[in-house]
Trainee: 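Below are the structure tokens for one structure; questions will follow.
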Amino acid sequence: MSVRLDVLPDPQAAAQAAACELAQAIETARAQRGRAHLALSGGSTPGRTYELLAATLTSFDAVELWFADERCVEPQHEQSNYRLVAETLLAASAIPPRQVHRMPGELGPQLGARRYEQALRRRFAQLPPALDVVLLGIGPDAHVASLFPRASALSAGERAICVAVSDAPKPPPQRISLSLATLRAARHTLLLATGAAKAQAVAAALGPPSADAPASLLRRERLHLLLDQQAAGLLPAAGR
Ligand code: 6PG
């Protein structure tokens, strides 16, 4: 089964479709396994999706919220992915704090990654953890989470669950990220990309698997690309 791909007219429509898909994945996980493990990314793209998710999902019972990556800053820092999610999703939904697993970026990459890996190991009997749905963005260089092109973190191996990043080309340089193995173990990955600046990265994500384009290393049979027209601009018309 190849990658699923949908192209929406504009960023608002893409955000709405992403929120609906996250809500659906959560409902499916709760129905099948009694719980839903969701991991979210940061950046400027997904904020609207998180606001719409809060309005779309009537109950966050049995929803466990994880993070795909985090910058090594305090949680209230303007660059914090946790702060983004807190201001958009948590502020408008009653997820009990014990169900929110914040990545402790303030501990720095090494200790923070180790602590988060311990939290995932405690919560998941099978490793790498099978998150039910992961929302990813994509950088212009086709990075996902904090897995950047040709980074050593990309070859951390199947046993790595969380990785420390100290040389991210996208500031800040110090980050924590789920590993490629953990991203590939997710049951469903939704990659949301909007804007012409992402068109080349989206095309690379669909190209031959390469460490030059980390998005191309995701598990395609579990991947859904949700794009607006601009981000799909370099795809063959049939792909739109
Ligand atoms: C981060 C994000 C990162 C993001 C992409 C796209 O911590 O920076 O998790 O992976 O999804 O860089 O960022 P934009 O949405 O801002 O383009």
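Indexing begins at 1, ligand by ligand and atom by atom, following the structure's order. The chain is numbered in sequence order, starting from 1.
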Trainee: In this structure, is the centre-to-centre distance between the rings of H101 and Y116 below 6.0 Å?
Mentor: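 When the ring centroids of Y116 and H101 are compared, they turn out to be at least 6.0 Å apart.
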Trainee: In ligand 1, which numbered atoms sit nearer than 4.0 Å to a non-hydrogen atom of R175?
Mentor: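 Those atoms are 1 (C), 7 (O), 8 (O).
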Trainee: Just need the protein heavy atom nearest to atom 13 (O) of ligand 1, so name the residue and atom and give the distance.
Mentor: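 For this ligand atom, the closest protein heavy atom is K170 NZ, 3.2 Å.
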Trainee: Tell me whether the count of non-hydrogen atoms from other residues, nucleotides or ligands lying under 6.0 Å of CD in E78 goes above 12.
Mentor: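 At most 12 heavy atoms, drawn from other residues, nucleotides or ligands, come within 6.0 Å of this atom.
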Trainee: When you measure from the side chain of R175 to the backbone N and O of K170, does any donor-acceptor pair fall under 3.5 Å?
Mentor: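 Yes, because the side chain of R175 sits within donor-acceptor range (under 3.5 Å) of the backbone of K170.
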Trainee: Could you tell me if Q24 and T28 have a donor-acceptor pair between their side chains, going purely by distance under 3.5 Å?
Mentor: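 Per modelled atom types, T28 and Q24 side chains form a pair under 3.5 Å.
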Trainee: Show me which atoms of ligand 1 lie under 4.0 Å from any heavy atom of A145.
Mentor: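 Numbered from 1, ligand 1 contributes 3 (C), 10 (O).
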Trainee: For atom 5 (C) of ligand 1, grab the closest protein heavy atom and report residue, atom and distance to one decimal in Å.
Mentor: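 Looking at atom 5 (C) of ligand 1, the protein heavy atom closest to it is H143 NE2, 3.4 Å.
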Trainee: Out of I138, V144, T45, D69, whose heavy atom sits nearest atom 9 (O) of ligand 1?
Mentor: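 Of the listed residues, D69 has the closest heavy atom.
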Trainee: Has ligand 1 got any nitrogen or oxygen that is less than 3.5 angstrom from a nitrogen or oxygen of S146?
Mentor: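 No: no nitrogen or oxygen of S146 is under 3.5 Å from one in ligand 1.
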Trainee: Among all protein heavy atoms, pick out the one at the shortest distance from atom 17 (O) of ligand 1; state its residue, atom name and that distance to 0.1 Å.
Mentor: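 For atom 17 (O) of ligand 1, the nearest protein heavy atom comes out as K198 NZ, 2.5 Å.
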Trainee: Which value, rounded to the nearest 0.5 Å, describes the distance between L53 atom CG and E21 atom CD?
Mentor: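 Between L53 CG and E21 CD, I get 11.5 Å after rounding to 0.5 Å.
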Trainee: I'd like to check which ligand 1 atoms, numbered from 1 as shown, lie under 4.0 Å from a non-hydrogen atom of G137.
Mentor: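 Reading through ligand 1 atom by atom, the close ones are 11 (O).
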Trainee: N/O of G42 under 3.5 Å from N/O of ligand 1, yes or no?
Mentor: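 Right, the criterion is met.
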Trainee: Return yes when atom CD of E27 has more than 12 non-hydrogen atoms of other residues, nucleotides or ligands closer than 6.0 Å, and no otherwise.
Mentor: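 Counting neighbours around CD of E27, more than 12 heavy atoms of other residues, nucleotides or ligands fall under 6.0 Å, so yes.
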Trainee: How about Q200: does its CD atom have over 12 heavy atoms from other parts shown lying under 6.0 Å from it?
Mentor: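 Atom CD in Q200 is not crowded, with 12 or fewer foreign heavy atoms closer than 6.0 Å.
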Trainee: Considering only heavy atoms of R71, which atoms of ligand 1 have at least one such atom less than 4.0 Å away?
Mentor: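 Numbered from 1, ligand 1 contributes 1 (C), 7 (O), 8 (O).
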Trainee: Does even one non-hydrogen atom of E70 get within less than 4.0 Å of ligand 1?
Mentor: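 No, E70 has no heavy atom closer than 4.0 Å to ligand 1.
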Trainee: Which class fits the ring pair Y82 and F67: parallel under 30°, tilted 30 to 60°, perpendicular over 60°?
Mentor: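 The rings of Y82 and F67 sit tilted, inter-plane angle from 30° to 60°.
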Trainee: Any atoms of ligand 1 less than 4.0 Å from a non-hydrogen atom of S41? List them with their elements.
Mentor: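 Numbered from 1, ligand 1 contributes 9 (O).
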